[in-house]
2 protein chains.
Amino acid sequence: MQITSKFTTAVHILTCIEVFSEQMRVTSDFLSGSTGVNAVIVRNVLSKLRSAGIVNTRQGSGGAHLAKALDEITLYDIYKAVDCVDDEGLFHFHENPNANCPVGRNIHKVMDGRLTAAQTAFENELKKTTLAEVVSDTKKIISEE
Amino acid sequence: MQITSKFTTAVHILTCIEVFSEQMRVTSDFLSGSTGVNAVIVRNVLSKLRSAGIVNTRQGSGGAHLAKALDEITLYDIYKAVDCVDDEGLFHFHENPNANCPVGRNIHKVMDGRLTAAQTAFENELKKTTLAEVVSDTKKIISEE
DNA sequence: TAAAGCTGTAACATTCTTTGTTTCAACTTT
DNA sequence: AAAGTTGAAACAAAGAATGTTACAGCTTTA
C-alpha cells in the first residue's frame with residue numbers, strides 16, 4: 001500500500017506555480033508536461049487544492065496562482081487537501097472481529113489509541129515542512145545546476 | 001489509501017495466541033473465527049510472522065505459538081513482518097516527472113528526505129509499543145468485563 | 001496403518017482503489 | 001466569433017487487497 005501519488009504531484013504543481021507563474025501562464029497542460037501526469041488528473045488535484053484555499057484558478061483565462069503565502073502552506077495541508085487518507089484513518093482495521101471472543105470484542109479499544117498516535121506522529125512530521133522550504137531548496141538546486 | 005488490515009489482523013492473532021494457547025490449540029480456524037478473517041488469509045499472515053521469527057507453527061499437529069518473548073515484539077516488527085509497505089516506501093511518487101523541466105528533474109531530491117522523515121516518525125511510533133503492552137491491556141479489560 | 005484434523009501454498013475470483021481517457025459545457029480573452 | 005482554457009462527468013484500464021477453492025503433505029491418535 002502507498003499514499004497516492006496525488007500528494008507528490010500536488011507538491012510538484014505548487015512548486016511549479018511559484019517558480020514559473022511570474023514569467024508565464026501556468027496551465028494544467030504545462031503542469032501535465034512537467035509532472036508527467038495526465039492533464040485531467042492535474043485539474044483534479046488543482047480542484048482539491050482550490051477547495052482547500054491553497055490555489056486560485058479561473059475558467060477561461062487559465063493559469064493557477066497560489067492563494068496563500070508560501071510559509072503558510074505545510075506539506076500536511078497539501079496532504080489533507082488531496083485526500084490522501086480517508087476518515088477511517090491511516091490503518092485499515094479488519095472489519096469483523098468476533099464480539100463473542102474476549103479478544104475480538106476488545107482489540108479495537110486496545111489498538112485504536114496506538115494507531116492514532118502513529119498516524120499523528122506521521123502527520124506532525126509533515127507539518128514541519130512548509131512550501132517555502134521546498135521552493136527555496138528547489139530554487140537553490142536549480143541555481144547551482 | 002490505507003495500511004492493509006493484515007497488520008491489525010496480525011496483532012489480533014498474536015494476542016489470541018498469547019491469551020488462549022495455554023488452554024487450547026490455537027488453530028487457523030479458531031483465529032479465523034475470532035478475527036472474522038478468512039482462514040487462508042490467517043495462515044498467510046501466520047506464514048509471514050513465521051518467516052519473521054515471531055511465531056512457530058507446525059503442519060499436522062496444528063496450533064500456533066509465540067517464538068519470542070512478548071516484550072521483544074513491537075508493533076513495528078509486526079508491521080514489517082506482514083509487508084505493510086513496499087521497498088518504494090510509504091509514499092507513491094508520481095513516476096514520470098519531466099527531466100527537461102528544472103522543477104521536474106529536481107523535485108525528487110527536494111522531497112525524498114522529507115518523505116523519509118515522515119515515514120520514520122511513523123515507524124518509530126510503532127516501535128514504542130510492544131506486544132506485552134497490548135496483551136496486558138487486553139487481559140486487563142477482559143478481567144474487568 | 002488408516003482416519004481425522006491441521007498447515008502450506010497455488011490458482012483463481014471478486015471487489016476496491018488508483019490512474020488515465022474521452023468528451024463536452026462554460027468561461028475568458030482577443 | 002474563434003481560440004484556448006477550466007470544470008466535471010462518465011467511462012476504461014490496471015493494480016492491489018481480500019476472499020475462495022482445492023489439494024498435497026504433515027502429525028496425532030484410534
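Here is the naming used below: chain letters follow the sequence lines, and residue numbers restart at 1 for every chain. Scope of the values below: all heavy atoms of this structure, side chains included, with no hydrogens, waters or symmetry mates.
- In this structure B:K140 satisfies the salt bridge (charged side-chain N to carboxylate O under 4.0 Å, His left out) test together with B:E144, sequence neighbours excluded.
- First and last contacts of DNA chain D with chain B, using any nucleotide atom under 4.0 Å from a protein heavy atom and ordered 5' to 3', fall at D:dT18 to D:dT28.
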- line: Under a 4.0 Å heavy-atom criterion, the protein footprint on nucleotides 16-26 of chain C, written with B, S and -, is --SSBBB---B
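- Put simply, the side chain of A:I17 reaches to within 4.5 Å of the side chain of A:L46, judged on heavy atoms.
- Within residues 15-34 of chain A, no residue is approached by DNA chain C to less than 4.0 Å at the level of any non-hydrogen atom.
- When each of B:K127, B:K6, B:E123 is tested with B:Y79 by the rule side chain to side chain donor-acceptor pair (under 3.5 Å), just one qualifies, namely B:E123.
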- prompt: Just the dot-bracket of DNA chain D, please: which string comes out with Watson-Crick or G-U pairs under 3.5 Å, [ ] for crossing, | for another strand?
  reply: ||||||||||||||||||||||||||||||
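- Aromatic ring centres of B:F122 and A:F91: separated by under 6.0 Å.
- With B:N56 contributing its side chain and B:H65 its backbone, the two residues share no donor-acceptor pair below 3.5 Å.
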- prompt: Do B:S47 and B:N44 pass the side-chain hydrogen bond (donor to acceptor under 3.5 Å, both in side chains) test, and can you show the C-alpha distance, the side-chain angles, and the key distance before you say yes or no?
  reply: CA-CA 5 Å; B:S47 166; B:N44 211 305; 5.6 Å; no
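- Between B:S32 and B:A39, the shortest heavy-atom contact is OG-N, 3.4 Å.
- Applying the salt bridge (charged side-chain N to carboxylate O under 4.0 Å, His left out) rule to B:D137 yields the partners A:R114; only residues at least two apart in sequence or on another chain are considered.
- No donor-acceptor pair under 3.5 Å is formed between the side chain of B:E22 and the backbone N or O of B:E18.
- Within the 3.5 Å criterion, the main-chain N or O of B:G33 finds a donor-acceptor partner in the side chain of A:N98.
- The closest side-chain heavy-atom distance from A:T130 to A:I73 is not below 4.5 Å.
- Ring planes of B:H108 and B:F93: parallel class, angle under 30° (limits at 30 and 60°).
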